[in-house]
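One structure below.
The first residue of the sequence shown is numbered 1, and numbering continues consecutively from there.
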Amino acid sequence: MDQLWREVRYTLRIFASPPNRWVTSGAVVTLALAIGISTAVFTIVEAVLLRPLPFRDAERLVSVQVTTREAKGTTVYGAVANWDLYTAWRSRSNGFEELVAYSAEEMILTGLGEARWVSAVAITSNVLAFLGVQPAQGRAFVPEEDQPGSAPVVLLSETFRARHFGSDVAAVGRSLVLSGRLYEIVGVMPTEFRVPNSIPEVTQMEGEVWVPMGTYLDGSLGSLGSAVPVQVLGRLRRGTTAAATEVQLDQITEQVVLSARVDRREPEARAAVTQIVPLHRVIVGQVRRPLMLLLGLTGCVLFIACANVATLQLLRVLARQKDFAVRRALGASQRAIAGQVLTESVVLAAISAILGVLIAVWSVPVLVRIAADRLPHASQISVNVVVVVIALVATVVAGLLIGAPSAWRATRQPGPDALKEGSGSGISTRQNRAVSALVASQVAFTMILLAGMGLLTRSFLHAMNLDRGYEMDKVLVAALFLPLDRYASPERQLAFAHAALDRVRGIPGVSSAAVATGAPIVGGLKATANAPGKANPGEPRSVNSWGVSREYFQTLGTPVRRSPPGSAELAGVFIDETAAREFFGSEDPVGRQLQWAWGEDAHTGTVIGVVGSTRELYIDTRANTLASSYEPHLYLPLADGIAPSLRILVRAHADPLPLMAAVRRAIAEVDPTIALNEFGTLRALASGRLLTERMLMLLTALFAVLALVIAAAGIYAAVAYAATRRMREMGIRIALGAQRFDVLLIAMGRGVRLTLAGVLLGLLAAIAATRVMRHVLFEVSTTDPAVLAGGPWF
């Protein structure tokens, strides 16, 4: 131990000496940054992917989903059931200890300042006990409140309570007006309580308020009664298998689907089957690929940093050849010399690790804040003892690997030869190969990161700049919901729409405005449709069926391919080109009959026009990847397709953002209790749907730039050392008449050759390594020539 301590003190003196001070500082900073970002990413991976869910009996918790026979086993995200199925499963199945149901909703808060939307979660009364939590204040819901017609009560999130009631702990017992209805506050949820979410993009439901399922079922929120979609969780009985329970649930599901309560015209309903998926898989499956990709990228950065420090260590050992030769001549053993060199590397790595852990402690909250919506239980992610221990063990191993080439080189140097060489005039071929290999490997791994950055950047820009068939930058869109207690009839809903349009159109700077029951990105109503006049009409197909006002297409900038001559009003059914192809093939759709239905309510109309198709991005739930499609659209006159859920669209002459406040005021003039939701330009809303892609792009760019700087430092160190060792040779060349430019080319030639060799190896490695990124890329090939040829510059 005394010998080790002496070697450590000697190492610290070497690091602090003037010739080595700056080199040591650079090596420590380089390695600390790499260790810090690697530890930060591993902290998130450990908390999300490796740690059990923080729920009671988490290993037996499952998501019970409805899917199709063709998709069974592949669709594990976004699948939901409905209340009819939930109640049937709960009453007839014996495979579960308990089943719970819940669903996300949006409600309008009034009476506490300006009307605004709040996120709500409707839950059954057993959800909290199922997850093993209790309200922080007040009581939980009771079973009677699961039934339609029960008294309207509400639980608040701690964030909501603090925002609207401050430090007042007496929120329980007060009332809130939500969506025009008075709710009694009966409790406050624990801080940052969440429920799991199987919908793509968002892993948890972050409710501001929580309402009992009975409120959700009675139609007061505009829901569909007992057919409302819900997510279902269950706890399997001990000794029961998921496969056996699935068989029983399939039988129950078939009986419910064949009953009158389910629309049997839906092909998906007739083919409905159930599947049971471990809850951990459902939650982390959405983020597994991005997190593993980030972990791999940080591994590349760590390797580059280790190779860089190993290069610096090797060059320092080569510069100390005479010192090692003297020690050998004085009787020092190879083991002692190798031990000293390894001690230097381990001490350097240990110092870097301490700083790296501090960097990780600072950076983890930043990364979690960036990706909070995508990370389950984000509030519980922090650097813990397990992560620190793993980081320190990995650092010791890295230190030994960093020092291994230097230790081997130090023991291979014959003492007498080094003494005869004096200061030396060059670097041996073997030494040159070792340094070159380390430097070239840094460049190669940097090329992998640059290629990854280029692919993710190209993918993100491609998704953002996708030709969607409508204007993205000059159009504002907002969603709103008309409370059914005051807007129950279509006439009142239509009257509000016209009044809102009149005021919005009068805002200075507005080019045109429209009201619809659906809009790009924010979505809208869906129906099933068919062409009854065809010989083989086939099965009804799902379509976007939106009621729109007459300036809808003009406002969006969607091209009208065919329309009635001289028509100033939307007085018939318009379809887009995608619907025209699906329902009528190559035939002219104008003048043909089209039948559509919302549930059991069927309608028939005549197609009077065709507009351009619109393309939208979505999450492919089978592959869990970003994809795009042209969905068929059916556009009806607003009076025929009016609904409580409306979209306001505003086209501006210039920048639309300054108009947002004026649009809010215009809607408030019509009804001050109406709040706007999902309000912004179509470009901004589209960007908000790509948070995961943006995060991957930015973090990969950060890692790539850091790797590029580290690799450049490694090349500089190698070239500078070689030039220093050849100073006598350069002087002789100049004395014999060599031009300065020629000498400069000789000095730079080594760096150029190392860079080219690393680039070539890196391109070959990138072609193979970036294949793992294919699932996070949008319509971009992993072997895209533009990216591989230019890295991020394309």
(request) Given side chain to side chain contact (heavy atoms under 4.5 Å, CB included), test L634 with W546 step by step and report yes or no. (result) CA-CA 6 Å; L634 169 64; W546 300 343; over 6 Å; no
(message) One pair to check against side chain to side chain contact (heavy atoms under 4.5 Å, CB included): I667 and L676. What are the steps and the verdict?
(response) CA-CA 9 Å; I667 300 301; L676 300 182; 4.2 Å; yes
(request) Please lay out, stage by stage, how T124 and Y102 fare under the test side-chain hydrogen bond (donor to acceptor under 3.5 Å, both in side chains). (result) CA-CA 6 Å; T124 53; Y102 52 89; over 6 Å; no
(request) Go through the steps to decide whether V543 and F583 satisfy the test side chain to side chain contact (heavy atoms under 4.5 Å, CB included), and finish with yes or no. (result) CA-CA 11 Å; V543 298; F583 293 112; 3.7 Å; yes
(message) Between E106 and R116, does the salt bridge (charged side-chain N to carboxylate O under 4.0 Å, His left out) criterion hold? Intermediate values first, please.
(response) CA-CA 10 Å; E106 297 285 349; R116 73 176 185 91; over 6 Å; no
(request) Mind running side chain to side chain contact (heavy atoms under 4.5 Å, CB included) on I674 and L482 for me, showing each step along the way? (result) CA-CA 7 Å; I674 301 298; L482 302 178; 3.9 Å; yes
(request) In sequence, state the C-alpha distance, the side-chain angles, and the governing distance for Q595 and N530, and then conclude on side-chain hydrogen bond (donor to acceptor under 3.5 Å, both in side chains). (result) CA-CA 5 Å; Q595 187 178 72; N530 206 346; over 6 Å; no
(message) For Q231 and S63: C-alpha separation, side-chain torsions, deciding distance, then whether side-chain hydrogen bond (donor to acceptor under 3.5 Å, both in side chains) applies.
(response) CA-CA 8 Å; Q231 296 188 46; S63 173; 5.9 Å; no
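With hydrogens and angles ignored, the 3.5 Å screen pairs a side-chain donor or acceptor of D576 with a backbone N or O of H633. Judged purely by atom type and a 3.5 angstrom limit, S545 has no side-chain atom pairing as donor or acceptor with the backbone of L525. Under a 3.5 Å cut-off, the side chain of W89 and the backbone N or O of I252 do not form any donor-acceptor pair. Within the 3.5 Å criterion, the main-chain N or O of I276 finds a donor-acceptor partner in the side chain of E246. Proximity of a side-chain donor or acceptor of R647 to a complementary backbone N or O of L480 within less than 3.5 Å is not detected.
In this view, E779 and R615 satisfy the salt bridge (charged side-chain N to carboxylate O under 4.0 Å, His left out) rule, not counting sequence neighbours. The ring-ring contact (aromatic ring centres under 6.0 Å, His included) search around F778 returns H462, not counting sequence neighbours. R505 pairs by the salt bridge (charged side-chain N to carboxylate O under 4.0 Å, His left out) definition with E551, not counting sequence neighbours.
Using a 4.5 Å cut-off on side-chain heavy atoms (C-beta onward), F481 and L646 make no contact. Residues L594 and T606 form no side-chain contact, since every pair of their non-hydrogen atoms from C-beta on lies 4.5 Å or further apart.
Taken from CG in D473 to CG in L657, the straight-line distance is 10.0 Å, to the nearest 0.5 Å. Here CD of E582 is found 5.0 Å from CZ of R541. Values are rounded to the nearest 0.5 Å. Atom CG of N544 is separated from atom OG1 of T614 by 7.5 Å, given to the nearest 0.5 angstrom. Expressed to the nearest 0.5 Å, how far CE of M695 lies from CE of M697 amounts to 11.5 Å. I642 CD1 to L636 CG: the interatomic distance, rounded to the nearest 0.5 Å, is 11.0 Å. Remark: L109 CG to L178 CG distance equals 6.0 Å, nearest 0.5 Å.
Heavy atoms only, all atoms of each residue included: V154 and V209 are closest at CG2-CB, 3.7 Å. Minimum interatomic distance between P589 and I575 (heavy atoms only, all atoms of both residues): CB-CD1, 3.9 Å. Considering all non-hydrogen atoms of both residues, T215 and P152 come closest at OG1-CA, 4.4 Å. Listed here is the closest heavy atom pair of S103 and P229: OG-O, 3.2 Å. Contact detail for G605 and W596: the closest heavy-atom pair is N-CZ3, 3.3 Å. Between P672 and A115, the shortest heavy-atom distance links the atoms O-CB, 3.5 Å.
Side-chain rings of F553 and Y470 stay apart, their centers remaining 6.0 Å or farther from each other. The aromatic ring centroids of W83 and Y86 lie less than 6.0 Å from each other.
Ion pairing between a basic and an acidic side chain is recognised when a charged N comes within 4.0 Å of a carboxylate O; E631 and K526 show such pairing.
Within the structure, salt bridge (charged side-chain N to carboxylate O under 4.0 Å, His left out) contacts touching residues 657-682 (residues at least two apart or in different chains) are R486-D671, R503-E669, E678-R689. Applying the side-chain hydrogen bond (donor to acceptor under 3.5 Å, both in side chains) rule to pairs touching residues 508-522 yields S512-T555, sequence neighbours excluded. Sorted by first and then second residue, the pairs that involve residues 492-532 and meet ring pair (Phe, Tyr, Trp, His ring centres under 6.0 Å), not counting sequence neighbours, are Y487-F496.
Within a 6.0 Å radius of NZ in K474, other residues, nucleotides and ligands contribute 12 heavy atoms or fewer. Taking a 6.0 Å sphere around CG of D467, one finds it holds 12 or fewer heavy atoms contributed by other residues, nucleotides or ligands.
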